There are 2 protein chains.
Amino acid sequence: MTKRQATQEPCPVMRTVDLVGDRWTLLILRDAFDGPCRFSQLQRSLGIAKNILSDRLAGLVDAGILTTEPAADSSAYQAYALTDKGRDLFDVIIALRQWGEQYAFDPGEEYRPLIDQTTGEPLRHVAFTREDGSAVQPSETTLGELRPIGAAAR
Amino acid sequence: MTKRQATQEPCPVMRTVDLVGDRWTLLILRDAFDGPCRFSQLQRSLGIAKNILSDRLAGLVDAGILTTEPAADSSAYQAYALTDKGRDLFDVIIALRQWGEQYAFDPGEEYRPLIDQTTGEPLRHVAFTREDGSAVQPSETTLGELRPIGAAAR
DNA sequence: CCGTATCCATTCCGATACTG
DNA sequence: CAGTATCGGAATGGATACGG
């Protein structure tokens with residue numbers, strides 16, 4: 001399964017995985033949610049090789065998930081910032097984070113929490129809910145037939 | 001950054017990505033949410049090489065995300081089913097799916113929706129909400145200091 | 001400071017063959 | 001059917017050197 005083939009598949013999960021589903025890309029996005037990032041800043045934060053970072057950033061910009069903008073701190077250089085499309089990946093990052101907090105640490109181990117600024121406390125126990133506020137359970141869902149993306153009955 | 005190094009990192013996102021953040025693993029999980037899967041079933045569905053599938057399944061079982069259980073249809077063979085730990089990855093898959101539906105298809109392209117059986121309609125517009133029902137925005141969050149996972153003040 | 005280009009080691013992946 | 005073993009090619013990753 002190559003990158004090009006995955007783009008033909010009708011499964012939304014596979015298409016998304018194809019765009020952002022590798023170790024470095026997801027971690028770049030994690031950092032990007034803190035605000036616009038400089039190249040060297042990302043490199044230090046992630047411990048990634050420069051050529052790989054360059055490659056991933058180019059891919060994200062190409063996909064319309066990141067944009068380059070003038071860096072805030074004087075210099076003539078650029079910073080990488082999320083587009084609206086990129087910002088909508090927030091749920092993906094949050095979902096990964098929450099699962100990790102619950103299952104990927106031993107008791108007493110240190111972790112870096114995400115703070116909810118409206119409460120000042122770590123963000124916890126958020127869940128996917130329908131518009132009526134009810135949580136969606138895996139057992140309540142099933143895969144449907146193929147249908148056009150833009151169809152009226154949604 | 002090797003697999004072993006990532007397991008030392010304090011970032012929950014990285015730890016989760018380290019366990020399930022590759023193309024095949026996420027797609028195996030996607031299928032697993034439809035119910036227990038046989039080996040050959042996964043292989044056909046994903047178009048994955050048998051040795052790779054074998055490797056990924058072993059990793060998921062090892063991580064406690066999948067278990068083997070007797071296959072439903074008579075045979076002496078096994079099926080791979082989600083554990084509770086695995087079922088809690090539902091939010092991750094949903095988040096990937098939703099983003100893909102919104103951004104990874106051209107208008108009119110066909111996609112395979114996830115049906116909400118409580119309504120019979122495709123699942124749409126679910127969002128991460130706090131316990132009070134309010135949606136969490138990226139701009140409302142910030143990374144906190146390192147702290148123990150099991151600490152009281154949470 | 002921000003990347004690109006190159007080299008080399010490692011890993012990943014798919015195809016095939018083989019075993020119980 | 002459910003894997004394991006092996007092999008070659010492709011992609012990935014890190015280090016370094018180099019140019020804007």
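In what follows, chains carry the letters A, B, and so on, assigned in the order in which the sequence lines appear, proteins first and then strands, with residues in each chain numbered from 1. For clarity, every value in this text was computed on a predicted model and none was experimentally measured.
Proximity note for A/I52 (side chain, C-beta onward) versus D/dT6, C/dA17, D/dG14: the nearest is D/dG14. Of the candidates D/dT6, D/dA2, D/dA15, the closest approach to any side-chain atom of B/R38 belongs to D/dA2.
In this structure, the CG atom of B/L57 is 13 Å from the P atom of C/dC13, given to the nearest Å. Atom pair B/I48:CD1 and C/dC13:C1' shows a separation of 9 Å (rounding to whole Å applied). Between the CZ atom of A/R44 and the C1' atom of C/dG3 there is a distance of 15 Å, rounded to whole Å. Atom P of nucleotide C/dC12 and atom CG of B/L27 are separated by 16 Å, given to the nearest angstrom. One interatomic measurement links the two molecules: NZ of A/K50 to C1' of D/dC18, which rounds to 10 Å at whole-angstrom precision. Nucleotide C/dT11 holds its P atom 12 Å from the CZ atom of A/R23, rounded to whole Å. Rounded to an integer number of Å, the gap from CG of B/L46 to C1' of C/dC13 is 14 Å. Note: CH2 (A/W24) to C1' (C/dT11) measures 14 Å, nearest angstrom.
On a pure distance criterion of 3.5 Å, no polar donor-acceptor pair joins the side chain of A/D22 and the base of D/dT12.
Relative ring orientation between A/F33 and A/F90 is described as tilted, the plane-to-plane angle lying within the 30° to 60° band.
Nearest heavy-atom pair across B/E69 and B/P36 is OE2-CG, 3.3 Å.
Residues B/N51 and B/F39 each lie close to DNA chain D; by heavy-atom proximity, the contact nearer the 5' end of the strand is made by B/F39.
Electrostatic pairing of B/R87 and B/D84 counts as a salt bridge here, judged by a charged N lying under 4.0 Å from a carboxylate O. In summary, A/D18 and B/R23 engage in a salt bridge, as defined by a charged side-chain N under 4.0 Å from a carboxylate O.
OP1 or OP2 of D/dG13 sits under 4.0 Å from a side-chain N or O of A/R56. Proximity of A/S40 to the phosphate of C/dC1: no side-chain N or O atom is located under 4.0 Å from OP1 or OP2. The side chain of A/Y80 places no N or O atom within less than 4.0 Å of a non-bridging phosphate oxygen (OP1 or OP2) of C/dC2.
When atom types are taken as modelled, the side chain of B/S45 and the backbone of B/Q41 share no donor-acceptor pair closer than 3.5 angstrom. A donor-acceptor pair under 3.5 Å is absent between the side-chain atoms of A/S134 and the main chain of A/R130, judged by distance alone.
Across all strands, B/D55 comes closer than 4.0 Å to no nucleic acid atom at all (heavy-atom distances).
Counting only heavy atoms from C-beta outward, the side chains of A/I65 and B/W99 approach each other to under 4.5 Å.
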Determine which bases of DNA chain D form Watson-Crick or G-U wobble pairs with both distances under 3.5 Å, and write the result as a 5' to 3' dot-bracket string with | for other-strand partners. ||||||||||||||||||.|
